[in-house]
Amino acid sequence: MTKSSLSKVRVRFAPSPTGSLHIGGLRTALFNYFFARRHSGAFVLRIEDTDQARFVREAEWDILSGLKWAGIEPDEGPQQGGDFGPYRQSERQAMYALYAQQLIDEGHAYYAFDTPEEIEAMRERFATEENPSPKYDATTRGEMTNSLGLSGEEVRERIERGDAHVIRLKVDPGGRITFQDHIRGRVSFSTGGIDDQVLIKSDGMPTYHLANVVDDHAMGITHVIRGEEWLSSTPKHILLYQALGWEPPEMAHMPLIMNPGGKGKLSKRHAETQGLPVTVEQCQLAGYEPEAVINFLALLGWNPGDDKEIFSLDEMAELFSLDRVNGGGVQFDVNKINWFNQQYVRGFSVDQLLERAEPHVRKNASAWAAGFFKGEERRRQIAALMQPRITFSKDLSETGGYFFEDPTTYDEAAVKKRWKEGSAELLSAYADRLGAASDFDAAQAEAMLRALAEERGAGAGRIIHPVRLAVSGVPGGPSLFDMMEVLGREVCVRRIRKAVEVLG
RNA sequence: GCCGCGUUCGUCUAGGGGUCCAGGACGCCGGCCUUUCACGCCGGUAACACGGGUUCAAAUCCCGUACGCGGUACCA
């Protein structure tokens, strides 16, 4: 019986607050969240702020709001509290110091006084072709300044004097660490390849390794689900669990999201050069719907085994299983995430679509954006007409401006193709009839147009296309007559006459 | 360099000894619908990294090679 099968599942998402929430991080959070929900467990947020140099004040807020946007709020965390707090590592320092001391007392760890320069010198001294980067480990620690070689007296003296020092784990090189990874199966490392890991840094802060192990244990974490970049740290962590006399949690290392092309982890730098949304913030700005983003992210490396692709958060949480997560890295495909977005946009009710578009429209200062908020019913008509033609809800605020403003230019290629000899005359006649008609709606506009075409012995297309051009300025868009009805008679007549004047 | 993980259409994947001359989705290309553009529908393109085993039978199991990625910090 493993520990996890006996106790309630507890997982954690443990980002360090160094910047905005990366979608790779969101995906890790998502998988943890799914696993927790699937097993009726708890999803814990822990902030790993032990690196003072890289700490970013707003990052914690950013992470939280990113998770909230995605719909996965933690059950426990710095904001929501919980029985295992505090949830920021900077507030748990005393605990790390306590266990570090215990490790020293029991001979599993030692003080080291070497300066970075001295360590660098050691590396240079022992570097060979086969081993270009020697480690601080069993083979070299005898050469260094640490409590293993110094007398107890001298160690005490140095510490009291305030000499900079760290605490290192004493790794026995003769062992082998083997563990069962839920995604990769059996994974095995020789301890000979592991250096004497720093546990407490000279500023008194714990390193990731110590803090992580202590907290996962103290917080009752049963399953560690994290990115593959941690796989080779896992034996260090298991060594720590052993030294502390604790049972390690279950492990699962997720495949990484790679740049398009497969070169390296998806990076912010890459995002900038290729315009990819790499952070939650960028996703929001680009107008992605959260449902699309989480659906896309979840299916990167995981799938429930059938052909279905569109899943709600709840469905995924219900179906999720670590056994169905693949081991290989996955490339970010902007086409696919756009397709997901389009699927969700198309599935929205008109009111939902409008609701999603609104914040984006508000940022748009154009005259027509102002017009967008004028008539409720009209806005709904426009949204309904545009819905099958857009990928992002915010496209409502970026294409289809002709619903609000008269076109000022006419698509050149379309003019060349559609504006023929006689177009001007036909359009003038059509405008006259529209103006004189007793009624005006889509059906009327169409009937009049077709009647005119027939009278003149011309195909309806000879009028439809130039009218579309006159009315919208562009070659594509919703059904011409629906569009005309929404615009209203006066506007249509005005635009047609204007086009006749401009295009001759 | 060393250690670890990975490798099915361009991409995300199904499949885990016979049902696979490998299925789905995105993309791309054609067609239908529509006198627009989309949507939708129909069709097409395209893959088991390579080499050895094991087996009556291998995409599936084993070994090796290649390639990719990750790690190799007082960063997480």
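In this text the structure is predicted, and so the values were computed from the model without any measurement. Throughout, a chain's letter reflects where its sequence line sits, starting with A, and its residues are numbered from 1.
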*Return yes if the base of C39(B) and the side-chain atoms of Arg389(A) contain a donor-acceptor N/O pair under 3.5 Å, otherwise no.*
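No.
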Please measure how far the [atom1] atom in [N] lies from the corresponding atom in [M], and state the result in whole Å.
{"N": "G40(B)", "M": "U7(B)", "atom1": "P", "answer": "33 Å"}
{"N": "G18(B)", "M": "C62(B)", "atom1": "P", "answer": "16 Å"}
{"N": "A25(B)", "M": "G44(B)", "atom1": "C1'", "answer": "16 Å"}
{"N": "G4(B)", "M": "A46(B)", "atom1": "P", "answer": "40 Å"}
{"N": "U11(B)", "M": "U60(B)", "atom1": "C1'", "answer": "23 Å"}
{"N": "C61(B)", "M": "C69(B)", "atom1": "C1'", "answer": "25 Å"}
{"N": "C21(B)", "M": "C48(B)", "atom1": "P", "answer": "14 Å"}

*Are side-chain N/O atoms of Gln331(A) and Asn259(A) paired as donor and acceptor at under 3.5 Å?*
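No, because no side-chain N or O of Gln331(A) sits under 3.5 Å from a partner of the opposite role on Asn259(A).
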*Quick one: on RNA chain B, does Arg168(A) or Gly461(A) contact a more 5' nucleotide (nearest heavy atom)?*
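The residue whose closest nucleotide sits nearer the 5' end is Gly461(A).
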_Pairwise 5' ranking along RNA chain B for Phe113(A) and Asp333(A), keeping only the more 5' one_ =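 The residue whose closest nucleotide sits nearer the 5' end is Asp333(A).
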*Short side-chain N/O contact to G24(B) OP1/OP2 from Lys336(A), under 4.0 Å*: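 Checking G24(B) against Lys336(A), no side-chain N or O comes under 4.0 Å of OP1 or OP2.
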*Which residue pairs pass the side chain to side chain donor-acceptor pair (under 3.5 Å) test when at least one of the two sits in residues 123-135 of chain A, sequence neighbours left out?*
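Those involving residues 123-135 of chain A do not exist here.
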*Do the numbers put Arg158(A) on top of the ring of Phe113(A), so that NZ or CZ is under 6.0 Å from the six-membered ring centre and no more than 45° off the axis?*
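Yes; both conditions hold, so Arg158(A) lies above the ring face of Phe113(A).
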*Would you list the pairs meeting salt bridge (charged side-chain N to carboxylate O under 4.0 Å, His left out) in which at least one residue belongs to residues 324-344 of chain A, sequence neighbours left out?*
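As it turns out, the salt bridge (charged side-chain N to carboxylate O under 4.0 Å, His left out) pairs with a partner in residues 324-344 of chain A, which skip direct neighbours, are Glu309(A)-Lys336(A).
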